[in-house]
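Everything below concerns the one structure shown next.
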Amino acid sequence: MAAIEPLPRAARPLVGFATRLRRAGFAVAPEQTQSFVAAVGLLGPRAMADIHAAALATLAPPPDRRAEFDALYRAHFLGHTVAAPVTSDEEPEVTEPEEGAVEAIEPEELTESGAEATATEALAGRAFADLSEADALRHFRRAAPGRLPRRTSRRLVSRRRGDRPDMRRALRDAVRRDGEVVRLPQLKRRTRQRRILLLIDVSGSMVAQTDAALRFAHTLARSAERVEIFTLGTRLTRITRAIGRRHQGAALAAASAAVSDWDGGTRLGDALAAFLAVPRYAGFARGAAVVVLSDGLERGDPAVLVGAMERLSRLSWAVLWLSPLAADPNYEPRTAAMAAIRPMLARLGDGSSPGRIAAEILGLARAA
């Protein structure tokens, strides 16, 4: 029987905190504990606030128990005393930390986000809920290799039914058969999958769809031959490497650490302009199938978004814009920006669920 390796000393406080949360009634899975330790490793950490942010992003406390979660965090890492619940209208007494303990570093205040888009930037981590449409993602992974858009390359390969004769191979065969040509070999141009460029809106107005969009992005990254994935909000973030990890939990944790503007404002035009301003990024769009997951509720200058979409549509093979608002069959864009870019889109489709997103992308090759 193999001996169990001891837990590294640096990881013991982190694992102990997850154990303390479970004893307090919090639902913390072993995978979340592993993600917590990995996230702290990615962050450094340089300050106690980094550990607190990693704990919020990976351990995902319920909003109604956030105060209790923070109290347990301070008790475990900073030596504070956990106060008993307050049963009267009096202010609870604040317990000072023990002598020698590090003063608590409170996380920065975040901008609350709801159903409307804003132009305000909010930096935060994110935790991901379980997805109920795993079957749709499994179907997409099986169907993607044969149904994603393809393009013809310049390379020629031998085929039984080609469009031009392979004279070199015919001469080699003739030499082996004393000059007799039994069958004339054929050549045909090879096809390969087009690059898929996935742009995900992570602003506050898309908060209900962000979890599903990131899980779909992980499935796409594991299924497509060539894919690039970015998030758009108040900032532009490339998450291709983070979301492409083999295990979904590790991929989502890495994406959560990479993106800092979750559920903040909406400046799609500025983010797309920043994307096109980087020659390497603009090269990703050349000849690609561009998929934008966004409701299009732009709060910046509409002219910036229109200008960026004009250039993006010229560079790309096709632009597919998927909006959760398009789940309504009678949906028509009402914002000035969306109305202006509508003619530049190959399709304005339904992006309300992973199943609908998968169906729209698989149908893009047939529609083109």
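For the numbers below, each heavy atom of this structure counts, side chains included, while hydrogens, waters and symmetry mates do not. Residues take their numbers from the sequence shown, with the count starting at 1. Because the structure is predicted, anything quoted here is derived from the model rather than measured.
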Got a second to check how far Ile243's CD1 is from Arg238's CZ, nearest 0.5 Å? 13.0 Å
For Phe26 and Pro61, work out which heavy atoms get closest and say how close. CE2-CB, 4.2 Å
Let me check something: any side-chain donor-acceptor pairs from residues 281-294 under 3.5 Å, sequence neighbours excluded? List them with distances.
residue: Ser294; atom: OG; partner: Asp201; partner atom: OD2; Å: 2.8
residue: Ser294; atom: OG; partner: Gly296; partner atom: N; Å: 3.0

For side chain to side chain contact (heavy atoms under 4.5 Å, CB included), just list the numbers for Phe230 and Leu198, CA-CA rounded to whole Å, side-chain angles, deciding distance to a tenth of an Å, and then say yes or no. CA-CA 6 Å; Phe230 290 77; Leu198 183 63; over 6 Å; no
Quick one, Ile239 with Val259, criterion side chain to side chain contact (heavy atoms under 4.5 Å, CB included). Give me CA distance, side-chain angles, the key distance, then yes/no. CA-CA 8 Å; Ile239 61 170; Val259 181; 3.6 Å; yes
Which heavy-atom pair separates Leu364 from Pro149 by the least distance, and what is that distance? CD2-CG, 4.3 Å
Report yes if the side chains of Leu148 and Leu362 come closer than 4.5 Å at any heavy-atom pair, otherwise no. yes
Reported CE-to-CG distance for the pair Met206 and Leu232, which is rounded to 0.5 angstrom: 10.5 Å
Does Arg241 have any salt bridge (charged side-chain N to carboxylate O under 4.0 Å, His left out) partners at least two apart in sequence or in another chain, and if so, which? none
Paired with Asp295, the side-chain hydrogen bond (donor to acceptor under 3.5 Å, both in side chains) test is passed by just one of Ser323, Ser205, Ser203, namely Ser205
Under 6.0 Å between ring centres: does that hold for Phe69 and Tyr73? no
Is there a donor-acceptor contact under 3.5 Å from the side chain of Glu68 to the main chain of Arg65? no
Side-chain touch Glu225/Arg150, heavy atoms, less than 4.5 angstrom: yes
Looking at Glu228 and Leu197, would you say the former's side chain and the latter's main chain have a donor-acceptor pair under 3.5 Å? no
Could you tell me which non-hydrogen atom of Val319 sits nearest to which non-hydrogen atom of Met344, and how far apart they are? CB-O, 4.4 Å
Given 3.5 Å as the limit, does a donor-acceptor pair link the side chain of His218 with the main chain of Arg245, or not? yes
Main-chain N/O of Arg356 paired with Asp350 side-chain donor or acceptor, under 3.5 Å: no
Given the rule in the side chain to side chain contact (heavy atoms under 4.5 Å, CB included) test, do Val15 and Arg12 qualify, once you have shown the distances and angles that lead to the verdict? CA-CA 5 Å; Val15 176; Arg12 292 174 189 173; 6.0 Å; no
Just by distance, no angles: are the side chains of Arg226 and Gln193 close enough, under 3.5 Å, to form a donor-acceptor pair? no
Got a donor-acceptor contact below 3.5 angstrom from the Thr240 side chain to the Ile229 backbone? yes
How long is the gap from CG on Leu276 to CZ on Arg314, to the nearest 0.5 Å? 9.5 Å
Output, in order, the C-alpha distance, side-chain angles, deciding distance and verdict of salt bridge (Lys or Arg N to Asp or Glu O under 4.0 Å) for Arg66 and Asp70. CA-CA 6 Å; Arg66 172 66 183 276; Asp70 290 343; 3.1 Å; yes
Thr234-Arg267 side chain donor-acceptor pair, cut-off 3.5 Å: no
According to side chain to side chain contact (heavy atoms under 4.5 Å, CB included), who are the partners of Glu332, at least two apart in sequence or on a separate chain? Arg342
Quick one: are Thr33 and Phe17 in side-chain contact, heavy atoms under 4.5 Å? no
I'd like to know whether Arg20 forms a side chain to side chain contact (heavy atoms under 4.5 Å, CB included) with Arg23, so could you lay out the CA-CA distance, the side-chain angles of the two residues, the decisive distance to 0.1 Å, and finally the verdict. CA-CA 5 Å; Arg20 187 166 191 166; Arg23 290 174 181 171; 5.6 Å; no
Spell out, as yes or no, whether a donor-acceptor pair under 3.5 Å connects the side chain of Glu360 to the backbone of Gly349. no
Short side-chain to backbone donor-acceptor contact, Ser223 and Leu220, under 3.5 Å: no
Spatial distance of atom CZ (Arg151) from atom CZ (Arg192) [nearest 0.5 Å]: 5.5 Å
